[in-house]
Amino acid sequence: MEDLELPRPVVVLSPHLDDAVLSCAHALAASPGSIVVTVFAGAPEIHHRGYNSRTTGRTYAPDALEVRRREDRTALAALGARPVWIDLLDADYAEHRGERPYTDVVRETLARTLSTLAPGTVLLPLGLWHDDHVLVATSALALALALGVETVLYLDLPYGLALPDLVEARLSALSRRCELHEIAIGAGVDVDKDALMRHYESQYRATRRNARRAFTQTMRGGERYWRVTRRPPTGTEAASATPDPGPVGS
Ligand SMILES: [Zn+2]
């Protein structure tokens with residue numbers, strides 16, 4: 001498989017504080033100086049009982065997210081990458097997201113962020129299973145293609161390894177509107193993903209417990225990437241073609 005050299009700067013969109021390293025450690029190791037944008041890295045100013053408080057031991061939401069941000073900073077430093085944290089709220093805090101449809105909020109925020117960072121390459125999740133991942137995937141794919149930058153999808157790990165049917169369904173839905181080519185990135189780069197993931201101390205055991213076999217495979221690699229280009233319009237399609245590939249659900 002072709003091992004693609006990514007135009008820089010490389011921006012990896014990570015729904016949560018750990019997804020980029022779980023899913024793209026080899027790509028990050030192959031492109032030092034990459035920027036990892038974590039989309040749902042914010043917290044409402046409340047005491048809360050949910051996933052983030054359970055895993056971090058902090059009930060005050062900003063404290064819980066501060067724990068997770070510290071972990072992210074350390075793990076990314078080990079890869080020579082730098083974090084950008086967006087203050088959007090993950091699904092744990094969904095009831096505090098406000099009145100506006102969050103799809104609009106995410107799309108507008110990502111548009112501003114990408115315009116500021118001016119990436120040469122955007123890596124974004126295939127968008128499996130978790131609502132937050134789907135939200136980032138659908139918004140970011142349209143934006144990255146509209147910007148005309150190198151656009152690469154990554155397999156959401158570890159869940160992508162546990163849900164092969166869902167991966168196929170998503171790829172099939174996407175390939176109706178885009179050209180997808182599976183590529184290798186950083187395949188020859190030596191990465192100790194288990195050591196990197198142990199920096200995410202609050203998440204390591206919880207993630208492993210959720211998908212034990214897939215997690216073990218993920219620690220050994222398990223990464224997959226697809227280069228995305230627009231499908232050129234042909235014949236009658238050309239007349240009605242829209243410039244935006246739009247949300248592509250599975
Ligand atoms: Zn995630």
Side-chain angles (χ1 to χ4, degrees), residues 11-28 34-43 48 50-56 61 64-76 79 81 83-94 97 102-103 105-107 109-110 113 122-141 152-163 166-167 170 193-194 196-219 222-225 249-250:
V11 169
V12 180
L13 298 178
S14 185
H16 304 116
L17 292 153
D18 67 357
D19 286 311
V21 177
L22 268 169
S23 301
C24 303
H26 282 83
L28 289 168
S34 295
I35 302 160
V36 173
V37 175
T38 300
V39 180
F40 303 106
H48 186 261
Y51 179 81
N52 287 312
S53 61
R54 215 167 39 246
T55 50
T56 62
L65 264 291
E66 184 51 38
V67 168
R68 298 196 58 181
R69 286 181 178 200
R70 271 206 305 272
E71 296 169 346
D72 192 47
R73 181 186 287 118
T74 309
L76 294 186
L79 282 161
V84 169
W85 299 313
I86 298 180
D87 276 332
L88 295 178
L89 305 182
D90 74 19
D92 202 22
Y93 306 121
R97 282 174 167 176
Y102 224 50
T103 47
V105 177
V106 170
R107 189 179 58 247
T109 308
L110 285 179
T113 304
V122 175
L123 275 85
L124 60 129
L126 193 53
L128 301 175
W129 182 57
H130 194 297
D131 287 350
D132 288 344
H133 284 235
V134 175
L135 203 49
V136 171
T138 49
S139 300
L141 179 57
V152 176
L153 297 170
Y154 64 78
L155 180 65
D156 316 49
L157 293 175
Y159 306 103
L161 293 172
L163 303 165
L166 194 54
V167 174
R170 176 79 176 139
K193 205 193 281 190
D194 191 73
L196 290 167
M197 288 315 299
R198 284 181 189 277
H199 291 302
Y200 296 95
E201 206 183 332
S202 72
Q203 303 301 306
Y204 186 91
R205 278 193 296 175
T207 310
R208 186 174 58 181
R209 198 170 45 238
N210 284 343
R212 195 165 284 272
R213 202 150 62 115
F215 186 84
T216 304
Q217 287 174 273
T218 298
M219 292 307 100
E223 295 175 20
R224 290 180 73 188
Y225 302 96
S250 54

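For the numbers below, each heavy atom of this structure counts, side chains included, while hydrogens, waters and symmetry mates do not. Starting from 1, each residue takes its place in the sequence as its number. First listed ligand is number 1; within each ligand, the first listed atom is number 1.
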State which residues pass side chain to side chain donor-acceptor pair (under 3.5 Å) with Asp19; sequence neighbours excluded, sorted by chain then number. His16, His133
Residues Tyr200, Val21; criterion side chain to side chain contact (heavy atoms under 4.5 Å, CB included); working and verdict: CA-CA 10 Å; Tyr200 296 95; Val21 177; 3.3 Å; yes
Pair His48 and Tyr93, ring centroids less than 6.0 Å apart: yes
Have a look around the Zn ion (ligand 1) and list protein N/O/S atoms under 2.8 Å, or say none. His16 ND1, Asp19 OD1, Asp19 OD2, His133 NE2
Residues passing the side-chain contact (heavy atoms from CB on, under 4.5 Å) test with Glu201, sequence neighbours excluded, are Glu71
Which residues pass the salt bridge (Lys or Arg N to Asp or Glu O under 4.0 Å) test with Arg208, not counting sequence neighbours? none
Test Leu163 against Leu128 for side chain to side chain contact (heavy atoms under 4.5 Å, CB included), laying out the working first. CA-CA 9 Å; Leu163 303 165; Leu128 301 175; 5.5 Å; no
